[in-house]
Structure formats: structure tokens, C-alpha cells
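Structure first, then comments.
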Protein chains: 2
Amino acid sequence: MTDTRGSARRGRRPGDSGTREAILDAARGRFSSEGFRSATVRAIAGDAGVDPSLVMHFFGTKQALFVAAMEFPINPADVVPHIVGPGIDGLGERLVRFLLGLVDELGEANPMLGLVRSAVGHPDAARMMREFLGEAILDRVAAAIEADRPRLRADLCASQIVGILMARQILALPELAAADRETLVGVYGRTIQRYLTEPLDPR
Amino acid sequence: MTDTRGSARRGRRPGDSGTREAILDAARGRFSSEGFRSATVRAIAGDAGVDPSLVMHFFGTKQALFVAAMEFPINPADVVPHIVGPGIDGLGERLVRFLLGLVDELGEANPMLGLVRSAVGHPDAARMMREFLGEAILDRVAAAIEADRPRLRADLCASQIVGILMARQILALPELAAADRETLVGVYGRTIQRYLTEPLDPR
DNA sequence: TCCTGATCTCAACGTCTGTTGAATCCGAGT
DNA sequence: ACTCGGATTCAACAGACGTTGAGATCAGGA
């Protein structure tokens, strides 16, 4: 009721607005929970309490909004050394613990989920996800260890990490979603550790 | 040029038609490569060389077409005993070898890919995938082994299996897509085997 | 031979989509 | 005080979507 002049008004609102950030937040939420195709500009604008054309005014295109919204909230270059630093021992566990913590912390508006949900049937998003996983994280990890075929090892890790996201957050497999985090850290940590270090030859 | 009377004609075509199967094939292809939302009835009808309303005539609804098209081409009850039968030794490898063989064999029109691609942002498809993976396959495997927390073990296996599909077929991680199949059977087989048999307690 | 019912197309509907253009409003710099 | 330009909304477009209803055509049984 602080709005003195009826319902919707045109033109600029008083104050600093912060509307652009509100749109980005709404976009993160929608893209993360519905993927690129199903998330609509109108719904995002609605969540942000704003007209759809304002979204276009700021970002020009739904695609550009997606790229802006899926920017990762933390810089892998900052955090990966912190994980790799202590050495090979327990590296798998540290990676998994970091991932699960990040997922719980980010909740609904998780760019990783948005990328996974959009990669499906949207090659551009698949490329974004591939590049993020590969160049930003796994290549750094693979470079830190000393083993043969580092890129295949990175892909193996990626396949289990993406599988964790799919199974826990998207398919919501019940026992997996309910499992104690440290149990998962132990089990998946050993898997990642093996992918990084064990011999890869068949038999 | 066997069509003697001009271009498009109404009414029933001569012969046994087999059109229903053609529509199902086209639907499998589209749903598998684009997911439920992005695949359109019009495109499916176009692939089958048919009018969109004929699709509705046969299946009533896009949703019903999806369910019909994603029916699994093999019966898990037939094949799972064949995989589990030889015993615990090498069970993980046999499962992975079967999965990878199936993926290569089915190619483009793979219901598993369709379900994965649709599960994302489409809770009904997620439930279908969950039920298929769980009840049709993993519960049978989990029941065959003797270990604690069989359902959690089944979910762990599912997370790696879904991750393989995502990483190889959808994200198309290059080294993973190019890797020798028996190498993957060895590496992933050990993972599945561990998920089925190793102790799960943290630490 | 005629009738019935399944197969098939055409045209259209209402809705939702991303995007555009013009019009308004207002804070800030001069 | 006066402009300038960014912020914001409204109204509308053109295209795609799933779905519908009516009609045409033909195969097969009576």
C-alpha cells in the first residue's frame, strides 16, 4: 500500500532498482528447474515482477540471458587449487565433498543443474557444460595428478559427477537423495580416486 | 513415380499401410534426440510422411504417443536373469557390457536417451525412468546379490549408468565417446561391482 | 454390390512463444 | 530549471504449437 498511484505504472521506478539482478535470479531459478526450452521469458519476467520486454531490453535475447544467468557463481581457478593442493591422497573425497556441498548450498538456482537440464537437446548448452566441466575443473585436476590418459580420466570423472547430479537432483532416486552425505563422499570419493589413478587397460 | 494421381490425396492408402509403426519409429527418433518438450507432433508426422492429425487419431495425445514410443524394445525380465545368472563374479562387467552394447545397437532411436532427455524438467518422464531403472533392472540385480542396503546400492549403480549415458551420448565428451568399449567395460564394471558389494559405511 | 468402419488429409481453432516499437516516467548532470 | 537518457510498461506481431472436426477415400465383410 505504499504505492500511492493505483496499480501498474510505466516508466522508471524510484530507487536504485536492482532489477537486473532480480531478473538474473529469476532466470537462474527457471533455467535450473526447467531447462532452456521450457523456461519462458514471460515466466522469468513474472518471477522478477517485471514486464517481459524489460528482459529483452537488458539482455537482448533469451539465449544471451541464458548465458548470463548460467555464469558460474564461483571461480574454479580460485577453488580447485585448494582441493588439489593437499595432494593425491583423499583427492577424490575432497572433490565429491565440495560438489555435494555446493549443490546443497546453491539449492534451486544451481547453474550446473541448468546446464545439465539444457544440455539435453540443446547442443550449445551441451558445449557450455562440456567446456565448464573440462577446462575449468577436470583438466586442472588431471594436470595435477600424474597418470596416463589424463583427458580420458577427466571424462570418466565427469560421467560420475553428472550421474550424481542426474540421479540425486533430477531423477530424485529416493535412497540416494536421502543418503547421508559422508556416506556418499566415501563411496563416490573412492570411485573418483580410482578414475584418476588406477590403470585403465582392459584386463 | 508409382503414384499415378498427382500429389497428396485424402483417404486411405491401398495396402497394409504400417503407418502406425512408421509414426512410432519417427517418434522414437525425435523423442530420443530432442526430448519430450522439443520434439513436436508436426515434426514426427513429417518424418513419418503423414498429417499431424493422423498422429492424434492413432494416439490421442502427445503424452500418450510418448508413452507408446518409449516402451522398451526388450523385456528386462528376459535378459536380466541371463546377466545375473553366472553369479557375482564379473556381474558389474556383464551389466556394463550389456548396456554399452544396447546403446550402440539402438543408435538414434534409443528409449533410454528419450527418457533421460525428457526426465529433465518433466517429472512424469523422470518417474518413468526411475521406475524402469529401479523396478525393471536394478531391483532384480540387487535382489540377486546378498548385501546390506540393496536399494541404495541400486541407486548408486543407476547414478553411474545415467552418467555414462549423459557423458557419452548427450554431452559427447570426446575421449569417452572415442574410448575402446572393453576399456570402459573394465573401468565401469569395477565401479558397478563395488557399488553392489563393497561396504558402504563412511570411513 | 452395398455398407461399415478404419485410415487419411485439410483447414482451422485458440494458446503460447520470443521479440519489437512506441510511449511514459524519472534520476542525474548541467 | 531543463534537458538527456536509461528504466519501465503496454500493445501487438508473426510464427509455432497441440488439438479438433469435418470430410474424403478405400478395404473387407455381408
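Chain letters run A, B, ... following the sequence lines, proteins first and then strands; every chain starts at 1.
Between the C1' atom of dG18(C) and the CG atom of Asp51(A) lies a distance of 13 Å, rounded to the nearest Å. Between Met56(A) atom CE and dT19(C) atom P there is a gap of 4 Å when expressed in whole angstrom units. With rounding to whole Å, Phe58(A) atom CZ is found 18 Å from dG18(C) atom P.
DNA chain C is contacted by Thr61(A), Lys62(A) of residues 59-66 of chain A, taking any non-hydrogen atom closer than 4.0 Å. Interface residues of residues 31-44 of chain A facing DNA chain C, ordered by number: Ala39(A), Thr40(A), Val41(A), Arg42(A); criterion, heavy-atom separation under 4.0 Å.
Looking at residues two or more places apart in sequence or on another chain, you find a side chain to side chain contact (heavy atoms under 4.5 Å, CB included) between Ala69(B) and Leu24(B), Ala27(B), Arg28(B), Phe31(B). Residues satisfying the side chain to side chain donor-acceptor pair (under 3.5 Å) test with Arg30(B), not counting sequence neighbours, are Glu34(B), Asp47(B). Taking Ala64(A) as the reference, Thr61(A) meet the side chain to side chain contact (heavy atoms under 4.5 Å, CB included) condition, with sequence neighbours excluded.
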Identify each donor-acceptor pair in which a side-chain atom of residues 116-126 of chain B lies under 3.5 Å from a protein atom, sequence neighbours left out, and give them as a table.
| unit_1 | atom_1 | unit_2 | atom_2 | d |
| --- | --- | --- | --- | --- |
| Arg117(B) | NE | Ser33(B) | O | 3.4 |
| Arg117(B) | NH1 | Ser32(B) | O | 2.8 |
| Ser118(B) | OG | Phe36(B) | N | 2.8 |
| Ser118(B) | OG | Gly114(B) | O | 2.7 |

Would you give me the side-chain donor-acceptor pairs under 3.5 Å for residues 156-167 of chain A, sequence neighbours excluded?
| unit_1 | atom_1 | unit_2 | atom_2 | d |
| --- | --- | --- | --- | --- |
| Ser159(A) | OG | Leu156(A) | O | 2.7 |
| Ser159(A) | OG | Gln160(B) | NE2 | 3.4 |
| Ser159(A) | OG | Tyr188(B) | OH | 2.6 |
| Gln160(A) | OE1 | Tyr195(B) | OH | 2.9 |
| Gln160(A) | NE2 | Ser159(B) | OG | 3.4 |

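Here side-chain hydrogen bond (donor to acceptor under 3.5 Å, both in side chains) pairs that include residues 102-115 of chain B, with residues two or more places apart or in two chains, are Asp104(B)-Arg181(B). Screening residues 129-161 of chain B for ring pair (Phe, Tyr, Trp, His ring centres under 6.0 Å), with sequence neighbours left out, gives Phe72(B)-Phe132(B).
One finds a side-chain N or O of Thr19(A) lying less than 4.0 angstrom from the OP1 or OP2 phosphate oxygen of dT8(D).
In terms of heavy-atom proximity, Leu171(B) sits nearest to Arg130(A) at O-NH1, 2.5 Å.
One can find a donor-acceptor pair under 3.5 Å joining the base of dC10(D) and the side-chain atoms of Ser53(A).
Which of dT8(D), dG21(C), dT20(D) sits closest to the side chain of His57(A) comes down to dT8(D).
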